[in-house]
Amino acid sequence: MRPSVRWGKMPELPEVETVRRGLEPVMTGQIIRLAQVNRPDLRFPLPDRMAERLTGARVEQLRRRSKYILADLSTGETLLIHLGMSGRMLVSGAQLGAFHHDHPAPQKHDHVVIDMEGGARVTFNDARRFGAMDLMPTAATDAHPLLASLGPEPMGNTFDEDYLFNRLKGRATPIKAALLDQRVVAGLGNIYVCEVLYRAGIDPRLLAGQIEEARLRQIVPLVREVLAEAIAAGGSSLRDYRQADGELGYFQHAFRVYDREGQPCATPGCAGTIARVVQSGRSSYFCPGCQR
DNA sequence: ATGTGTTCCTGTCCGC
DNA sequence: TGCGGACAGGAACACA
């Protein structure tokens with residue numbers, strides 16, 4: 001018996017997209033039979049009467065904006081979900097032939113539990129509680145305080161070479177911090193910024209406004225490439241899950257610099273060693289040999 | 001307007 | 001094994 005599916009480990013954009021895709025078959029088009037809310041707040045207070053406002057609603061659509069999952073409901077409201085640093089979604093009872101009440105025992109930090117009429121249970125678990133949930137009118141999602149000042153989607157058309165160059169022109173902040181700035185581009189996190197700068201051969205400490213235009217423009221297709229690879233890896237791990245038991249790995253093998261301090265650089269012919277520096281309180285990993 | 005440092009919270013890992 | 005400290009995917013906020 002395989003009672004449940006739990007993912008994921010690293011809530012950056014590809015992870016959030018993988019979670020969205022994993023929730024889609026059990027939630028989209030389905031009615032919420034019962035929502036339970038086990039505490040009044042996560043990072044922020046949860047909305048008033050959240051359980052009542054969810055219960056009985058049909059999930060019309062699951063969208064993603066940056067690292068946020070947005071569930072449009074038949075009630076005219078949209079549920080916003082953010083995983084923060086440690087948020088996880090557990091789906092149980094969704095397997096063919098599973099009994100509806102075949103759910104694992106509740107775990108510590110299970111903050112919100114959503115039972116669908118189709119029999120699946122979706123559990124939001126978040127030890128650190130940096131995650132968030134909110135409800136808002138669907139027509140006003142763009143105006144939500146957490147979404148209003150987000151920059152373009154990194155996989156979308158408005159994030160292009162001209163945009164990035166113009167946006168970073170004159171900026172005196174390190175390129176690492178600039179790419180982590182959600183107003184510049186929405187959805188890049190620490191891991192993928194490190195990976196992108198490695199592929200671009202750019203030292204994370206360089207000031208954004210001082211990087212040659214041609215080098216800066218190179219970043220755009222590399223952002224798309226790195227994210228697309230990670231989303232594909234997440235997708236294949238979802239598919240694998242239908243065939244095998246166990247917790248999913250997630251793109252871990254594919255990091256070339258992230259969390260590899262002291263290890264040899266992966267670039268052929270480069271004798272460098274991956275270094276770690278702290279920039280605005282976060283670890284940056286890079287190869288001093290091929291990132292300049 | 002920009003840029004930087006602190007903070008929220010819990011869990012895990014590493015050195016002594 | 002126990003204990004303290006460093007560190008962890010995010011991002012709002014306060015302040016220079």
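In terms of heavy atoms, A:P204 sits closest to A:I175 at O-CG2, 3.5 Å. Smallest separation of non-hydrogen atoms from A:P47 and A:L135: CG-N, 3.7 Å.
With P as the reference atom, B:dA1 and C:dA11 are 22 Å apart, rounded to whole Å.
Within the structure, every side-chain polar atom (N or O) of A:H109 is placed at least 4.0 Å from both OP1 and OP2 of B:dC9. Within the structure, a side-chain polar atom (N or O) of A:Y285 is placed less than 4.0 Å from OP1 or OP2 of C:dA8. In this model, the phosphate group of C:dC7 is not approached by any side-chain N or O of A:S283 to a distance below 4.0 Å at OP1 or OP2. For A:K108 and B:dG11, the shortest distance from a side-chain N or O to OP1 or OP2 is below 4.0 Å. For A:S86 and C:dA8, the shortest distance from a side-chain N or O to OP1 or OP2 is not below 4.0 Å.
The CG-P distance, from A:L207 to B:dT2, rounds to 15 Å in whole Å. The distance from atom CD of A:Q279 to atom P of C:dA8 is 13 Å, rounded to the nearest whole Å. Taking atom CZ of A:R205 as the reference point, atom P of B:dT4 lies 14 Å away to the nearest angstrom. The nearest whole Å value for the distance from the CG atom in A:D259 to the P atom in C:dC7 is 12 Å. Here the P atom of nucleotide B:dA1 and the CZ atom of A:R171 are 13 Å apart, to the nearest Å.
Atom CZ of residue A:R63 and atom OG1 of residue A:T78 lie 5.5 Å apart, to the nearest 0.5 angstrom.
Shown here is A:D48, whose CG atom has no more than 12 heavy atoms of other residues, nucleotides or ligands within 6.0 Å.
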Classify every nucleotide of nucleotides 10-16 of chain C by which part a protein heavy atom approaches to under 4.0 Å, writing B for the base, S for the sugar-phosphate alone and - for neither, in 5'-to-3' order. BBS----
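Applying the Watson-Crick and G-U wobble criteria (two distances, each under 3.5 Å), B:dC16 pairs with C:dG2.
Across all strands shown, A:A177 has no heavy atoms under 4.0 Å from either base or sugar-phosphate atoms. In this structure, A:R183 reaches neither bases nor backbone, as no heavy-atom distance under 4.0 Å exists between it and the strands shown.
With hydrogens and angles ignored, the 3.5 Å screen pairs a side-chain donor or acceptor of A:E195 with a backbone N or O of A:V257. Listed for the A:E117 side chain is no donor-acceptor partner under 3.5 Å among the backbone atoms of A:Q30. Between the A:T55 side chain and the A:A35 main chain, a donor and an acceptor come within less than 3.5 Å of each other. Of the possible polar contacts, one joining the A:N38 side chain to the A:D110 backbone as a donor-acceptor pair under 3.5 Å is found.
By the 30° and 60° cut-offs, the orientation of the rings of A:Y258 relative to A:Y285 is perpendicular.
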Are there any protein N/O atoms within less than 3.5 Å of an N/O atom in nucleotides 12-16 of chain B, and if so, which ones and at what distance?
none

